[in-house]
Colleague: 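To start, I am sharing the structure in question, which I have written as structure tokens.
The chain is numbered in sequence order, starting from 1. Everything quoted here is computed from the prediction, not taken from an experiment.
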Amino acid sequence: MRTIEITPRLLSGSLEIPPSKSVSHRAIIAAGLAKGESVISNVLMSQDMIATCEAMIALGASIEKQEEKNGRFTLTIRGCDPLVLKSETIQCNESGSTLRFIIPIVLLQPKRAIITGKGRLVTRPMKPYYDIFAEKGIQYEHLNKDQDLPLAVEGMLTPGVYQIDGGVSSQFITGLLFALPLLNGDSVIELTSTLESKPYIDITLDVLKSFGIVIINENDQRFVIKGNQVYTPSNYQVEGDFSQGAFWLVAGTIGKQMDCCDLNVASQQGDKVIVDILKEMGGDISIGADKLIVKKAQTSGTIIDVSQCPDLVPILAVVGSLSKGTTTIINGERLRFKESDRLMATADVLNKLGGKVEETADGLVIHGVDRFTGGQVTSHNDHRIAMAVAIASICATGKIILDGAEAVNKSYPHFWEDFMVMGGEWIGLDLGK
């Protein structure tokens, strides 16, 4: 475990926001399924992205990496044609997207496969797939009876109707959207409840379209999928990530001007709503030629429905803590099944830093304070908690000791370098561990 000491400093400057993790996962998988060679540019090789690349290689794709700048890579991907399971075990590490996207793809071939993972991923809910397995006659076995992973699966998907709860993670729907077009017959995905996390499905459909796959979306309740489709190669550039950009937008709001580059305001990403949320709270954000410009502002509390943007909760709780009045976060119950119980973890670290945060069943009630005090906290092995703590340090009166700073490697491996470039100060501590 890496422990660091953060000294409060204002952050400012111009920063190229990292590429979207959500888009990158999808583009790599689509390229891996294409008949031919694709070039995916502006990819950040975080732990999650490495997991997805290795999963596609296990299914027969070849991937060559060429480093660009700032730790970004261009990937040349030759698709798995035909799709062949080259390694019985697929290791998803701690990536929920890799896990849930890859399972239906594995079921396009007949061999037994073992899907496994690490950390909290081994207990992430998987029931929607188990229901489908039972209905479609797919064999599965928990190789560790006390947890969901490792999971052995054997059998093949068949064309037809797939019913799934729209209120569970959209990752299950995306996994089916990748696989069903390749079946020898037409299929339909029917949602049995209102779709949550709709923006993530919009990203999936947008990427699929770029690779030649046509899905008919009927009011976000039915997805009609023609069979015998073919993924066509594409040259695809990944756009900047609003999920990561949110940390820097808040840094400018509570501290000093930040120019956040490579954020596409016309993006399908649901987390671009961070701009509207901050403006509603009193934030000062303007759109430049190729960047968002955010200036320090006094914000006020509000009610935030995070059903469509759950990943924003840790950093929203930081800005909520420094706002006048009370901020209430609702409809975030799924956050209890992320890399950490993210509602509990957010409340824990902010309260230890001098905030006033109360948990509810599905969210947080945050009472504004003038400043954080500093203190010692853990990242709870959650990348978004670690980054939220870093941004909270801007408005702390004392130093912050953060255990588990390496958690950022899951999505943003050079976060601490960018933090220093923007004016942050931290040192590693040797605690004899």
Side-chain angles (χ1 to χ4, degrees), residues 14-87 90-95 97-98 101-102 105 178 203-204 206-213 230-245 248 260-264 267-269 290-291 383 406 408-422:
S14 179
L15 183 68
E16 185 177 357
I17 301 301
S20 167
K21 187 161 74 87
S22 297
V23 175
S24 297
H25 278 301
R26 290 159 171 82
I28 290 167
I29 291 173
L33 293 173
K35 292 185 179 298
E37 189 173 277
S38 300
V39 177
I40 314 298
S41 57
N42 195 32
V43 177
L44 185 63
M45 294 307 293
S46 63
Q47 291 175 343
D48 281 11
M49 222 48 58
I50 292 169
T52 288
C53 285
E54 292 183 350
M56 294 311 297
I57 291 170
L59 289 166
S62 68
I63 302 178
E64 296 179 5
K65 302 190 292 267
Q66 180 177 353
E67 190 165 6
E68 300 172 8
K69 60 178 182 177
N70 301 328
R72 320 297 170 85
F73 285 78
T74 292
L75 306 182
T76 301
I77 302 177
R78 180 163 289 279
C80 40
D81 181 21
L83 188 148
V84 177
L85 188 65
K86 291 189 171 182
S87 172
I90 297 179
Q91 173 59 260
C92 299
N93 289 315
E94 297 187 58
S95 174
S97 294
T98 306
F101 294 171
I102 212 70
I105 297 170
F178 275 125
I203 294 172
T204 300
D206 191 59
V207 170
L208 287 173
K209 183 178 179 181
S210 296
F211 286 83
I213 298 298
V230 177
Y231 282 80
T232 56
S234 176
N235 293 337
Y236 192 97
Q237 179 164 333
V238 180
E239 65 187 14
D241 193 344
F242 275 93
S243 303
Q244 311 291 27
W248 305 109
C260 298
C261 304
D262 198 25
L263 288 177
N264 173 21
S267 171
Q268 297 284 359
Q269 295 177 57
D290 60 348
K291 60 189 176 184
H383 53 133
E406 75 283 357
V408 301
N409 294 335
K410 187 174 194 296
S411 63
Y412 193 164
H414 62 282
F415 172 82
W416 294 113
E417 288 78 3
D418 282 354
F419 184 73
M420 291 187 77
V421 168
M422 293 299 102

Colleague: Is the ring pair His25/Phe101 parallel, tilted or perpendicular, if the boundaries are 30 and 60 degrees?
Modeller: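 His25 and Phe101: perpendicular rings.
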Colleague: Short question: side chain of Lys21, backbone of Asp48 - any donor-acceptor pair under 3.5 Å?
Modeller: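 No, the answer is negative, given that no donor and acceptor are paired below the 3.5 Å cut-off.
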Colleague: Nearest 0.5 Å please: distance from the CG atom of Asp418 over to the CG atom of Leu15.
Modeller: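 Separation between the atoms: 4.5 Å.
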Colleague: Considering all heavy atoms of both residues, which atom of Tyr231 and which atom of Ala30 are nearest to each other, and what is their separation?
Modeller: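 Closest pair (atom of Tyr231, atom of Ala30, distance): CD2-O, 3.7 Å.
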Colleague: Would you call the rings of Trp416 and Phe419 parallel, tilted or perpendicular if under 30° counts as parallel and over 60° as perpendicular?
Modeller: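 Aromatic pair Trp416/Phe419 classed perpendicular.
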Colleague: Is there side-chain contact between Cys53 and Leu75, with heavy atoms separated by less than 4.5 Å?
Modeller: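 They are in side-chain contact.
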Colleague: State, to 0.1 Å, how close Ile203 and Ser22 come at their nearest heavy-atom pair, and which atoms those are.
Modeller: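 So the two residues come closest at CD1-CB, 4.2 Å.
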Colleague: Exactly one of Leu83, Ile29, Leu33 should register a side-chain contact (heavy atoms from CB on, under 4.5 Å) with Leu59. Which one does?
Modeller: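 Output: one option passes, namely Leu83.
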Colleague: Could you tell me if Ser411 and Ser46 have a donor-acceptor pair between their side chains, going purely by distance under 3.5 Å?
Modeller: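 Judged by distance alone, the side chains do not pair up.
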Colleague: Is there a side-chain contact between Asp206 and Val23 (heavy atoms, below 4.5 Å)?
Modeller: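 No, their side chains stay 4.5 Å or more apart.
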Colleague: Between Lys35 and Asp81, is the closest basic N to carboxylate O distance under 4.0 Å?
Modeller: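 Yes.
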Colleague: Please check if atom CD in Gln66 has more than 12 non-hydrogen atoms from other residues, nucleotides or ligands closer than 6.0 Å.
Modeller: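 12 or below, so no.
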Colleague: NZ/Lys65 to OG1/Thr76 distance, rounded to the nearest 0.5 angstrom?
Modeller: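 Lys65 NZ to Thr76 OG1: 11.5 Å, rounded to 0.5 Å.
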Colleague: A side-chain contact here means heavy atoms from C-beta on lying under 4.5 Å apart; do Leu44 and Pro413 qualify?
Modeller: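 SC-SC contact between Leu44 and Pro413 confirmed.
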Colleague: Considering non-hydrogen atoms only, spot the tightest contact between Ser20 and Asp241 and give its length.
Modeller: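 Of all heavy-atom pairs spanning Ser20 and Asp241, the closest is CA-CB, 3.3 Å.
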Colleague: Please report the C-alpha distance between Glu54 and Thr98 in whole Å, then the side-chain angles of each, then the deciding distance to 0.1 Å, and finally whether the side chain to side chain contact (heavy atoms under 4.5 Å, CB included) criterion is met.
Modeller: CA-CA 10 Å; Glu54 292 183 350; Thr98 306; over 6 Å; no
Colleague: Counting distance only, does the side-chain N/O of Gln244 pair as donor-acceptor with the main-chain N or O of Pro18 below 3.5 Å?
Modeller: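 No, the answer is negative, given that no donor and acceptor are paired below the 3.5 Å cut-off.
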Colleague: Take atom CD in Glu64; do more than 12 heavy atoms of anything else shown fall under 6.0 Å from it?
Modeller: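 Atom CD in Glu64 is not packed in, count stays at 12 or less.
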Colleague: Quick one: CH2 on Trp248 to SG on Cys261, what's the gap to the nearest 0.5 Å?
Modeller: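 Here the interatomic distance stands at 13.0 Å.
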Colleague: Does some side-chain heavy atom of Arg26 sit less than 4.5 Å from a side-chain heavy atom of Phe178?
Modeller: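 In short, these two side chains touch, coming nearer than 4.5 Å.
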Colleague: Considering all heavy atoms of both residues, which atom of Lys86 and which atom of Ile57 are nearest to each other, and what is their separation?
Modeller: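 So the minimum-distance heavy-atom pair works out to CD-O, 4.1 Å.
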Colleague: Applying side chain to side chain contact (heavy atoms under 4.5 Å, CB included) to Asn409 and Phe415, what does each step give before you reach the verdict?
Modeller: CA-CA 8 Å; Asn409 294 335; Phe415 172 82; over 6 Å; no
Colleague: Nearest 0.5 Å, please: how far is CD1 in Ile63 from CD1 in Ile50?
Modeller: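 Result: 11.0 Å between the selected atoms.
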Colleague: I'd like to know if the side chain of Ser38 and the backbone of Ser234 have a donor-acceptor N/O pair within less than 3.5 Å.
Modeller: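 Judged by distance alone, yes, a pair lies under 3.5 Å.
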Colleague: Could you check if a side-chain atom of Ser41 sits within less than 4.5 angstrom of a side-chain atom of Gln237, using non-hydrogen atoms only?
Modeller: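 SC-SC contact between Ser41 and Gln237 confirmed.
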Colleague: Give me the atom names and distance for the closest heavy-atom approach of Asn42 to Val238.
Modeller: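 Taking Asn42 first and Val238 second, the nearest heavy atoms are ND2-O, 2.7 Å.
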Colleague: Looking only at side-chain N and O atoms, does Glu239 offer a donor or acceptor that is under 3.5 Å from a partner on Asn264?
Modeller: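 Yes, a side-chain donor-acceptor pair sits under 3.5 Å.
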Colleague: I need the Met56 CE to Cys80 SG distance, nearest 0.5 Å.
Modeller: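 Here the rounded value is 4.0 Å.
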Colleague: Out of curiosity, Gln47 CD to Lys410 NZ, how far, rounded to the nearest 0.5 Å?
Modeller: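 Taking CD in Gln47 and NZ in Lys410, the distance rounds to 8.0 Å.
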Colleague: Between Phe73 and Met45, what is the shortest heavy-atom contact and its length?
Modeller: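 That closest heavy-atom pairing would be CD1-CG, 3.4 Å.
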